[in-house]
Amino acid sequence: MFDHLTIDTVTFQSWQSDFQTAFDIRLKQRLGNMLGESPQRLKDAIGHAVIDGGKRLRPILVVLGASLDSTPGSLPDPNDPRLEQLWNAAVAIELIHGYSLIHDDLPSMDNDDLRRGKPTVHRVFDEATAILAGDALQSLAFSLLADAPQTDVKTRLNWVSLLSTGANRMVFGQQLDLNPPAQIPALAELTRMHELKTGALLYAALMMGANQSSAEDRAALEAFIRPLGLAFQIQDDILDATGTAEQLGKTPGKDAADHKYSYVTVLGLDAARIHLNATMSEALNALEPMGTRACGLRACARFVLMRDH
Ligand code: GRG
């Protein structure tokens, strides 16, 4: 679908790898500047959690959301100096994501030993240090937004508002996930929980990037990112049910083992796959009016659909 309006997956994956390299340079710079006074153990725990890991999907959404007009038909050069203004926002949202993963893995939540192919933060350090690392990442994220260079006050405030809303909604979703209903939830209830837990931060990422866009573009992006966030979660649930620890870098089969409601445990694997395709079509349809300006986002959506970890 929309093959003439997209970028092939191999090209996108190669760009994503360059993006990860560029992102990690900026991330390390910023952490180095902000953690000067931190005890070494906390610094190490934060580094273990957020450096050299993850797909960097949220920072990618920030950059693609901001690049609709600068690179129609292609992907933005991650080292383009015009992106300089965005890096604080891109790093900030990844720090919030990093905190959520550390806390999600804690014994009191998902109790996981493996994340991004490495032992989780509380396993390498200790539980209290893992909690503190997550705490610190939250305030570090917002100080990056407050101090973003070459960025007017209105944009910085808009970023703060989007990121705080996204992070809060993620917590609301996590609370729902921790206290599942006694009965198997209807699809609408499952969808609502995942819109909060997973979708809200993806929404914040894209809209932070697109904060200067026209109202028309922002409406199209909103109509895209909502189903994309759900598709991301459905794929995550399918991978949890079908992937290996080696492939995923985390413990597979947790949803079923922990009696969690997921798209697979509620719908079954085949229906979850059908639902994934329908949800992805909804996301791609929303981008249609944007033509080649949305090539990067379309390729990113395919990347979500095809990912194996
Ligand atoms: C603890 C407040 C709080 C929230 C936790 C992140 C989260 C909410 C839960 C993680 C559990 C989970 C599997 C959620 C599904 C989607 C998700 C956020 C997957 C991990 O994100 P990726 O795939 O991870 O972007 P990488 O490692 O690539 O950054």
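Whatever order the structure lists them in is the order used to number ligands and atoms, beginning at 1. For the numbers below, each heavy atom of this structure counts, side chains included, while hydrogens, waters and symmetry mates do not.
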Open item on the list: Under the salt bridge (charged side-chain N to carboxylate O under 4.0 Å, His left out) definition, can you give me all pairs with a residue in residues 257-270, not counting sequence neighbours?
Closed with: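 Pairs touching residues 257-270 that pass the test: Asp110-Lys260, Asp177-Lys260, Lys254-Asp258.
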Open item on the list: Is any side-chain heavy atom of Ile46 closer than 4.5 Å to one of Leu31?
Closed with: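 Counting from C-beta outward, Leu31 and Ile46 do come under 4.5 Å.
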TODO: Please examine the side chains of Phe23 and Val91, heavy atoms only from C-beta on, and report whether any two atoms are closer than 4.5 Å.
DONE: yes
Task: CZ-CE distance between Arg298 and Met290, expressed to the nearest 0.5 angstrom - done: 9.0 Å
Task: Straight-line distance of Thr9 OG1 to Gln13 CD, nearest 0.5 Å - done: 6.5 Å
Task: Mutual orientation of the aromatic rings belonging to Phe125 and His48 [parallel < 30°, tilted 30-60°, perpendicular > 60°] - done: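 Perpendicular, since the angle between the ring planes exceeds 60°.
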Task: Near ligand 1, at a heavy-atom separation below 4.0 Å: residues by chain and residue number - done: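 Close residues (ligand 1, cut-off 4.0 Å): Gly54, Lys55, Arg58, His97, Tyr99, Ser100, Leu101, His103, Asp104, Met109, Arg116, Met170, Val171, Gln174, Lys197, Thr198, Phe232, Gln233, Asp236, Lys250, Arg307.
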